[in-house]
Visitor: 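Below is a structure I'd like to ask you about.
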Amino acid sequence: DEMVEVCRELVQANTVNPYSGDPNPGNELNGQVILEPILKDMGAQTRMFETPPDIYERMGVIGPKGRTFAGRPNLVGEFTFGSGGKRIIINGHMDTVSVTGMTIDPFSGEARDGKIWGRGASDCKGNLAMALIAIKALLPVAGDLSGSIVYESAMDEECSGSGAGTLTCCHEGYTGDMAIVVDGSGLTITHGCGGCLTADVTVLGQGGHAAVGGISAIDKGLVIKDAIDYFKKTRETRYPDSKVNLGIFSSGVHSAVVPSSAYLSLNLVYKLVEAQQAKSDGLGFGGAPIREAFERVIREHEEADQWLKEHRAEIEWVKDLLPFETSEEHPLTQGLRSMFVDTLGTEPEVSTMNAWLDGAWIYHFVDTPIVSFGSGKAGTAHADVEYIKIEDMKNCAKVLASFLYQQLKQK
């Protein structure tokens, strides 16, 4: 009941990311002030801290420029048991995507039909509540335990946020022997993810009155789109599940004005093996070769157009988010799998995913093995109708609590 109530309260708080495009965004603080007193009542040492405006530069990461983090804190609660023992990070994020277009009340937090409804219920407020209650289940047997649990509620994961909050937790020195990111769905144990690139392309035309004419940036933008389509086909032929998605193509201000600029933005994911090959080739671990290949295709297509040959498109790399993989045979992966079987009596799905997970920063920057494990409802995150199943939350909490007890129990 408490888990359901915490989830409902969090859903009712507007924590819509300010960069979601929503006309009425919220603030992660609205959710953190709900969690902090609960953590304190449970005996955690809590700390709220903001993300530095230059966090990407500090950590040597390509991330979005010009974002404001002020007033949008991260929250960490640390539970310390007996001396020695392991330190385990539990990480999730507080921000959500836009509520625009939702066909249910996004902030109702209604508990009905065995589900909790509203924006963030599945991604990932339900999992923040689930993890909180899993930890609370340990408190009556705290005397059996040694080590500590670091509970992280991070900001700015969504909307090209690139995991600024989790990156800041790493920057602040929150390390562990292992980490479980509860931003997951379907009770799947996810032990790795792909990398993710975002590019913004600005194309110039020559504006003018529609009755007189000019050089339409839409026409020139279509040349660039042809280049992107060619790159997409070439890349997806080689890596069918590494999708290239042109998400934005916008241009023009009025039907009587020849548009003077066009804006295109695309996302693409890439494989761990590609990042490893880049490092082997001396280009650093990440997507540098893919960025170079993309720019080469754009420039080749521009060569066939006299205007674009003389007025090159501007390409800005918004982010390059690194992939990771914790071995399927790692004690963290196998230990959680075994506890799942012992607790629920069935085998879980154990896999990697193509999309990116901000827990990758924990893996790379504090040298901590991680998996993702959560109870979100697959297919509802970011959707017009979002919900989480209470039974899934209960089962996930049981497995997580049992696993934490096993790992922290004094030998």
Side-chain angles (χ1 to χ4, degrees), residues 61 88-93 122-124 127 131 154 157-158 162-163 166-167 170 176-198 235-245 267-280 285-290 319-341 344 346-382 392 396 399-400 403:
V61 169
I88 302 174
I89 296 172
I90 304 294
N91 171 284
H93 67 88
S122 181
D123 184 14
C124 83
N127 284 322
E157 188 269 353
E158 301 284 12
S162 306
T166 295
L167 201 57
C170 296
D177 295 287
M178 62 181 68
I180 299 174
V181 176
V182 294
D183 183 12
S185 61
L187 281 76
T188 297
I189 299 172
T190 302
H191 61 100
C193 72
C196 181
L197 289 162
T198 296
R235 178 159 179 77
E236 292 182 6
T237 297
R238 184 176 183 186
Y239 300 109
D241 55 356
S242 291
K243 302 300 184 184
V244 178
N245 180 64
N267 225 53
L268 64 94
V269 293
Y270 63 93
K271 300 286 191 181
L272 175 65
V273 66
E274 294 180 277
Q276 293 169 332
Q277 185 61 51
K279 182 177 181 180
S280 178
F285 185 88
I290 305 163
K319 65 186 185 226
D320 185 352
L321 310 180
L322 305 182
F324 85 96
E325 184 172 327
T326 299
S327 168
E328 189 171 347
E329 304 308 315
H330 192 280
L332 169 58
T333 314
Q334 286 303 314
L336 192 58
R337 185 203 66 80
S338 295
M339 187 55 69
F340 189 108
V341 174
L344 301 181
T346 60
E347 278 283 349
E349 179 183 348
V350 180
S351 63
T352 60
M353 67 178 185
N354 294 320
W356 188 73
L357 185 72
D358 65 345
W361 297 140
I362 299 173
Y363 181 94
H364 286 293
F365 285 108
V366 293
D367 195 26
T368 300
I370 84 154
V371 296
S372 171
F373 179 62
S375 54
K377 175 61 178 174
T380 75
H382 303 192
D392 288 346
C396 197
V399 175
L400 182 58
F403 178 77

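Residues: numbered from 1 along the sequence shown. Atom set for the values below is all heavy atoms of this structure, side chains included, hydrogens, waters and symmetry mates excluded.
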Visitor: With sequence neighbours left out, what residues match Asn245 under side chain to side chain contact (heavy atoms under 4.5 Å, CB included)?
Guide: none
Visitor: Rounded to the nearest 0.5 Å, how far does CG of Leu272 lie from CG of Leu322?
Guide: 10.0 Å
Visitor: Listed by chain and number, what are the side chain to side chain contact (heavy atoms under 4.5 Å, CB included) partners of Ala275, not counting sequence neighbours?
Guide: Tyr270, Phe285, Pro323
Visitor: Supply the atom-to-atom distance Glu349 CD to Thr190 OG1, rounded to the nearest 0.5 angstrom.
Guide: 7.5 Å
Visitor: Answer whether the closest heavy-atom distance between the side chains of Val350 and His191 falls below 4.5 Å.
Guide: yes
Visitor: Side chain to side chain contact (heavy atoms under 4.5 Å, CB included) with Ser242: which residues, sequence neighbours excluded?
Guide: Arg235, Tyr239, Val269, Lys271
Visitor: What distance separates Leu357 CG from Asn91 CG, expressed to the nearest 0.5 Å?
Guide: 8.0 Å
Visitor: Just how far is it from atom SG of Cys196 to atom CG of Leu268, taken to the nearest 0.5 Å?
Guide: 7.0 Å
Visitor: Where is the tightest heavy-atom contact between Ser375 and Cys396, given as atom of each residue plus distance?
Guide: CB-CB, 3.7 Å
Visitor: Could you give all pairs that pass the side-chain hydrogen bond (donor to acceptor under 3.5 Å, both in side chains) test and reach residues 356-368, with sequence neighbours left out?
Guide: Thr166-Asp358
Visitor: For residues Phe403 and Phe373, determine if any side-chain heavy atom of one lies less than 4.5 Å from a side-chain heavy atom of the other.
Guide: no
Visitor: What donor-acceptor contacts under 3.5 angstrom involve side-chain atoms of residues 327-337, with partners at least two apart or in another chain?
Guide:
residue : atom : partner : partner atom : Å
Ser327  : OG   : Glu329  : N            : 3.0
His330  : ND1  : Leu332  : N            : 2.9
Thr333  : OG1  : Ser327  : O            : 3.0
Gln334  : OE1  : Arg337  : NE           : 3.0
Gln334  : NE2  : Glu328  : O            : 2.8
Arg337  : NH1  : Glu347  : OE1          : 3.1
Arg337  : NH1  : Glu347  : OE2          : 2.7

Visitor: To the closest 0.5 Å, what do you measure between CG (Leu187) and CZ (Phe340)?
Guide: 5.0 Å
Visitor: Please enumerate all residues that pass side chain to side chain donor-acceptor pair (under 3.5 Å) together with Asp123, with sequence neighbours excluded.
Guide: His93, His382
Visitor: Donor-acceptor pair, Ser122 side chain versus Lys377 backbone, under 3.5 Å?
Guide: yes
Visitor: Looking at every non-hydrogen atom in both residues, tell me the closest pair between Ala278 and Gly286 and how far apart they are.
Guide: CB-O, 3.6 Å
Visitor: If I take atom CD1 from residue Ile362 and atom CD1 from residue Ile370, how far apart are they, to the nearest 0.5 angstrom?
Guide: 5.5 Å
Visitor: Measuring only between side-chain heavy atoms, which start at C-beta, is Pro348 closer than 4.5 Å to Thr188?
Guide: no
Visitor: Do side-chain atoms of Asp320 reach the backbone of Gly287 as a donor and acceptor pair under 3.5 angstrom?
Guide: yes
